[in-house]
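Okay, structure first, notes after.
This is a predicted model, so every value here is computed, not measured.
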Amino acid sequence: MNEAVPEVEDMSDYEQKRWAELQAHWEKKAKSRKQLLPPHARKALEAGTQRTKDTASRTGKAVAERTPERVKDAAGKAADVAGKAAGAALVPTLHNVVQLLELLNDWVVELTNPESVLRYHREKGREVESLADLQRLELEHLEELTNHRKALKWRTVGLGEGAIVGGLAMIPVPVVGSVAAIGLDIVVMRALTSAIATRICYAYGYDAADPEMRHIIDRMTARAYQNQIAKAGSMKKAADAFDAAKGRVNWNQKLRDNHRLMAAVEKLLKSAGNGKHVPVQNARMGMPVISILAGAATNQHLLGDTALQARHFGATMLLAEKYGLELPANLRRDLDAEDDGATA
């Protein structure tokens, strides 16, 4: 791929710099994909990716159409469980989770409202009546709503959400514990991923309801779902080990074999303590930390990366259409996948 900036007379200095950055980004992404996908693995991956895409297409559409209500429902159910099953000692914790869900719901509603983008530019004195009008503005002005500070903000949101829900997964109460918390986390992250990608499409003047844009948003939602699998597994294992070790005094091989995550913590603590015996309860108390870190680390990366990738996509599409430039080959393949049913 040629990183040279094309000589386009009307292209501003900012746009020329961004186009060069975007070319470098897509080239790096293409090389990374080739390194990760050796030829003998591609056929198996394509089959799996197609299934993921089909699932994401369904879930992405559902998220876009019904997310606010679903998040509110989840908040309401958590509150019901808090009152009926958790008892007075757990109410403050669950109350905080419900407050977080309501805040995230407000964010989803705000992010999926194109009027919010138009209102921002009108307040800046820019005459825009529709999303299409945004594409006549300078790219630098459009990217006021998608800059790196925005990605940092979403990393912070993901960090907080992941930590809180990771902690909730450790509550040893039926329904409130790991299964409900992990399921709730997946719903919330799907909602936020789709909402962030939708907002960034709006920011560049694209209608997220357009089939081509919807396809890209669905692919981002699919990436979010894939990244959730490892995190959910870690949170579930940590919660199971935490519950299994409750009240235990002595280690046995069965406990170590059944809960290798806790056995790994025992080994780590023993190494740090120069081989001294590690009580079961000491290793058990490491499980909430693992659950919280797994949720926080994964979610902060996922939301920040979604914002960054959507920004690259929106800017590339806009500049290519505005100046008649050729799209990077790997991005073009991603877009063509919607037409021929293949996946890039």
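Residues P328 and Q23 meet the side-chain proximity criterion, which asks for heavy atoms closer than 4.5 Å. When side chains are defined from C-beta on, K276 does not count as touching K270, because their heavy atoms never get closer than 4.5 Å. Within the 4.5 Å cutoff, the side chain of L118 has heavy atoms near those of the L134 side chain. Here the side chains of T198 and L111 are not in contact, with every heavy-atom distance at 4.5 Å or above. Put simply, the side chain of D207 does not reach to within 4.5 Å of the side chain of M213, judged on heavy atoms. A heavy-atom distance below 4.5 Å is not found between the side chains of P279 and R284. Between M262 and W251 there is a side-chain heavy-atom pair separated by less than 4.5 Å. Proximity of Q16 to W19: side-chain heavy atoms (C-beta onward) are nowhere separated by under 4.5 Å.
Of all heavy-atom pairs between A310 and A197, the closest is CB-CA, 4.3 Å. Q281 approaches G247 most closely through the heavy-atom pair NE2-N, 3.8 Å. Nearest heavy-atom pair across A307 and I200 is O-CD1, 3.3 Å.
R248 is linked by a salt bridge (charged side-chain N to carboxylate O under 4.0 Å, His left out) to nothing, counting only residues two or more places apart in sequence or in another chain. For H312, the ring-ring contact (aromatic ring centres under 6.0 Å, His included) partners at least two apart in sequence or on another chain are H25. The salt bridge (charged side-chain N to carboxylate O under 4.0 Å, His left out) search around E138 returns none, not counting sequence neighbours. Listed by chain and number, the residues in a salt bridge (charged side-chain N to carboxylate O under 4.0 Å, His left out) with D133 are R136 (sequence neighbours excluded). K322 is linked by a salt bridge (charged side-chain N to carboxylate O under 4.0 Å, His left out) to E15, counting only residues two or more places apart in sequence or in another chain.
Y202 and L308 fall into different hydrophobic clusters, where Ile, Leu, Val, Met, Phe, Trp and Tyr residues are linked whenever their side-chain heavy atoms come under 4.5 Å apart, directly or through other members.
Within the structure, the salt bridge (Lys or Arg N to Asp or Glu O under 4.0 Å) test picks out the following pairs touching residues 252-264 (sequence neighbours left out): R256-E266.
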- Query: Can R18 and E140 be said to form a salt bridge (charged side-chain N to carboxylate O under 4.0 Å, His left out), step by step?
  - Reply: CA-CA 9 Å; R18 283 291 286 134; E140 188 171 5; over 6 Å; no
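Ion pair E144/R126 flagged as a salt bridge, since at least one NZ, NE, NH1 or NH2 atom sits closer than 4.0 Å to an Asp/Glu carboxylate oxygen. A salt bridge is defined here as a Lys NZ or Arg NE, NH1 or NH2 lying under 4.0 Å from an Asp or Glu carboxylate O, and D218 with R214 meets this definition.
For the side-chain contact (heavy atoms from CB on, under 4.5 Å) with T193, the qualifying choice from I217, L303, D305, N299 is L303, the only one to do so.
Between Y204 and T146, the side chains place a donor N or O and an acceptor N or O closer than 3.5 Å (distance only, hydrogens not considered).
The number of heavy-atom neighbours closer than 6.0 Å to CD of E127, taken from other residues, nucleotides and ligands shown, is 12 or below.
Side-chain atoms of T112 come within 3.5 Å of backbone atoms of V108 as a donor-acceptor pair (strictly under, hydrogens ignored).
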